[in-house]
Amino acid sequence: MTSFRLVLTCFDRSEITLTEAESFVYKKERYTPHAFLSGIFIGECDPTAVREVRFYCGTKYLLYGAADSMVCEHRNGRAVIRLRCYGFTKLLGQNYAVPGIISQPDLGAILTDRGIRGLSYQTVTNTVNYVYINEKTTIWDAVRIYSMKAHNTHPFIYNNNTVMCTPIYQRTVACPEGDIVSWSEGQELGNLLSDVYTQDLNGDWSFHRENSFATDHYIRRKKYYPLDREWVYDLNDELKYYMNYSDRGRQFITLIRKGYGNEDLLDIESFTLPDGEHSHEVSSLTITGSAKGIFTELGFYFDSYCNISE
């Protein structure tokens, strides 16, 4: 049976470990730069003394972050802790990158000396000739720009606070047929762009990219993006950046399974549905715990970056 463990570390370095909860929800998603945990845990503490939070499910270390919101409540003869917590990588989207040119960067050069607790990153990544950063560009957006230029993909968070461009730790997890509670298929087309344009160096709107998936569904949404120095090295990449992101999660399979199999983003999940065998990269992960037990909802996107080649 899957178990969990919540560890609260105090300013005096003492630790409080909680292993019971009324309920909790843990979430992680392919395009979101942090994990999230909320729940009502059985135990007590002085919330003002708690400095950091770690969350484990099974043997997997899933979250390391600050106690963004914590209340210790006494009721019905026992104490409970109401917690809302984000992984420290949320700060990547809340801090600006240094504007200007970063010469010959790999991923580490984008993320070095950011002062974010617990941050780690993929250490072997491609080096590009330069990355230009505009004013008021967040660190996470700088990572997104680098990842597009260096690896033609979108970054994601692995383990608890590890920034990745490619799935170098990819595992395969088999979900037994008897563990499948339910499954569904669907699509979300509300973000799709059909046409994106940007200006050339003369100011003309000569660069254009069309999304055939959108037009095949009779969706016409056009966006015009002014010339941007972050993309002047290849304006086609700018169009791809905006269009591919608008394409995120456009179609998906969702699977709910008993327990938690230590899956993480971009690991491969294999399972059997009535239409046959499936094997897909994990795009979203939601773990819930309550008196009914622990269950995992796995999302598998089919879009420009996930489980499909275009």
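Nothing here was measured: the structure is a model prediction, and the numbers come from that model.
- For the side-chain hydrogen bond (donor to acceptor under 3.5 Å, both in side chains) condition, the pairs that include at least one residue of residues 44-56, sequence neighbours left out, are Thr9-Arg54, Glu15-Arg54, Glu44-His74, Asp46-Thr48, Glu52-Tyr64, Arg54-Tyr56.
- Of the inter-residue distances, the one linking Asn126 atom CG with Ser147 atom OG reads 9.5 Å to the nearest 0.5 angstrom.
- Residue Thr2 comes nearest to Gly259 through the heavy atom pair OG1-CA, 3.5 Å, listed as atom of the first residue, atom of the second, then distance.
- With a 4.5 Å cut-off on side-chain heavy atoms, Ile139 and Leu111 count as touching.
- Looking only at side-chain heavy atoms (C-beta outward), Thr215 and Arg220 come within less than 4.5 Å of each other.
- Looking at Thr288 and Glu297, their side chains never bring a donor and an acceptor atom within 3.5 Å of each other.
- Residues Tyr132 and Ile145 have side chains not in contact (no heavy-atom distance under 4.5 Å, counting atoms from C-beta outward).
- Using a 4.0 Å cut-off between a side-chain N of Lys or Arg and a carboxylate O of Asp or Glu, Glu238 and Lys149 do not qualify as a salt bridge.
- Side-chain contact between Ile81 and Leu6 is absent, with no heavy atoms from C-beta onward closer than 4.5 Å.
- In the hydrophobic clustering, where aliphatic and aromatic side chains (Ile, Leu, Val, Met, Phe, Trp, Tyr) are joined below 4.5 Å either directly or transitively, Tyr86 groups with Phe36.
- The aromatic rings of Tyr245 and Tyr31 sit perpendicular, their planes meeting at an angle over 60°, well past the 30° parallel limit.
- In this structure, the separation between OG1 on Thr254 and CZ on Phe300 is 8.5 Å, given to the nearest 0.5 Å.
- For the atom pair CG of Leu119 and CD1 of Ile157, the computed distance is 8.0 Å after rounding to the nearest 0.5 Å.
- In this structure, Ser194 OG and Arg209 CZ are separated by 13.0 Å, a value rounded to the nearest 0.5 Å.
- Judged purely by distance below 3.5 Å, without hydrogens or angles, the side chains of Thr59 and Asn262 pair a donor atom with an acceptor atom.
- Note on ring orientation: taking the six-membered ring where Trp is involved, the planes of Tyr130 and Tyr233 are perpendicular (angle over 60°, cut-offs 30° and 60°).
- Taking a 6.0 Å sphere around CD of Gln187, one finds it holds more than 12 heavy atoms contributed by other residues, nucleotides or ligands.
- Scanning both residues, Gln122 and Cys165, for their nearest heavy atoms gives OE1-N, 2.8 Å.
- Counting heavy-atom neighbours within 6.0 Å of Arg117 CZ, excluding the residue itself, gives a total of 12 or less.
- For the pair Leu285 and Tyr260, the minimum side-chain heavy-atom distance is below 4.5 Å.
- Partner of Glu263 under the side chain to side chain donor-acceptor pair (under 3.5 Å) criterion, out of Arg171, Arg257, Lys60: Arg257 alone.
- Looking at His154 and Arg248, their side chains never come closer than 4.5 Å, going by heavy atoms from C-beta outward.
- We find the CG-CZ distance between Leu235 and Phe207 to be 4.5 Å, quoted to the nearest 0.5 Å.
- Between Phe302 and His280, the ring-plane angle classifies as perpendicular under the 30° and 60° cut-offs.
- Looking only at atom types and distance, the side chain of Ser120 has a donor-acceptor partner in the side chain of Thr162 under 3.5 Å away.
- Taking the centre and axis of the six-membered ring of Phe213, the NZ or CZ atom of Arg250 falls inside the cone set by 45° and 6.0 Å.
- Using a 4.5 Å cut-off on side-chain heavy atoms (C-beta onward), Ile180 and Cys175 make contact.
- A donor-acceptor contact shorter than 3.5 Å links the side chain of Thr198 to the backbone of Tyr225.
- Between Lys28 and Asn160, the side chains place no donor N or O within less than 3.5 Å of an acceptor N or O (distance only, hydrogens not considered).
- A donor and an acceptor atom, one from each side chain of Tyr305 and Glu281, are nowhere located under 3.5 Å apart.
- In this structure the side chain of Ile287 reaches within 4.5 angstrom of the side chain of Ile294, judged on heavy atoms.
- Among residues at least two apart or in separate chains, ring pair (Phe, Tyr, Trp, His ring centres under 6.0 Å) pairs with a member in residues 171-198 are Tyr197-His208, Tyr197-Tyr224.
- Counting heavy atoms of neighbouring residues, nucleotides and ligands inside a 6.0 Å radius, atom CZ of Arg75 exceeds 12 of them.
- With hydrogens and angles left out, the side-chain atoms of Asp247 and Tyr301 include no donor and acceptor closer than 3.5 Å.
- For the residue pair Thr125/Tyr146, the side-chain donor-acceptor check at 3.5 Å is satisfied.
- In this structure, Glu22 places its CD atom where more than 12 heavy-atom neighbours from other residues, nucleotides or ligands lie under 6.0 Å away.
- How far CG of Leu192 is from NE2 of His217: 8.0 Å, rounded to the nearest 0.5 Å.
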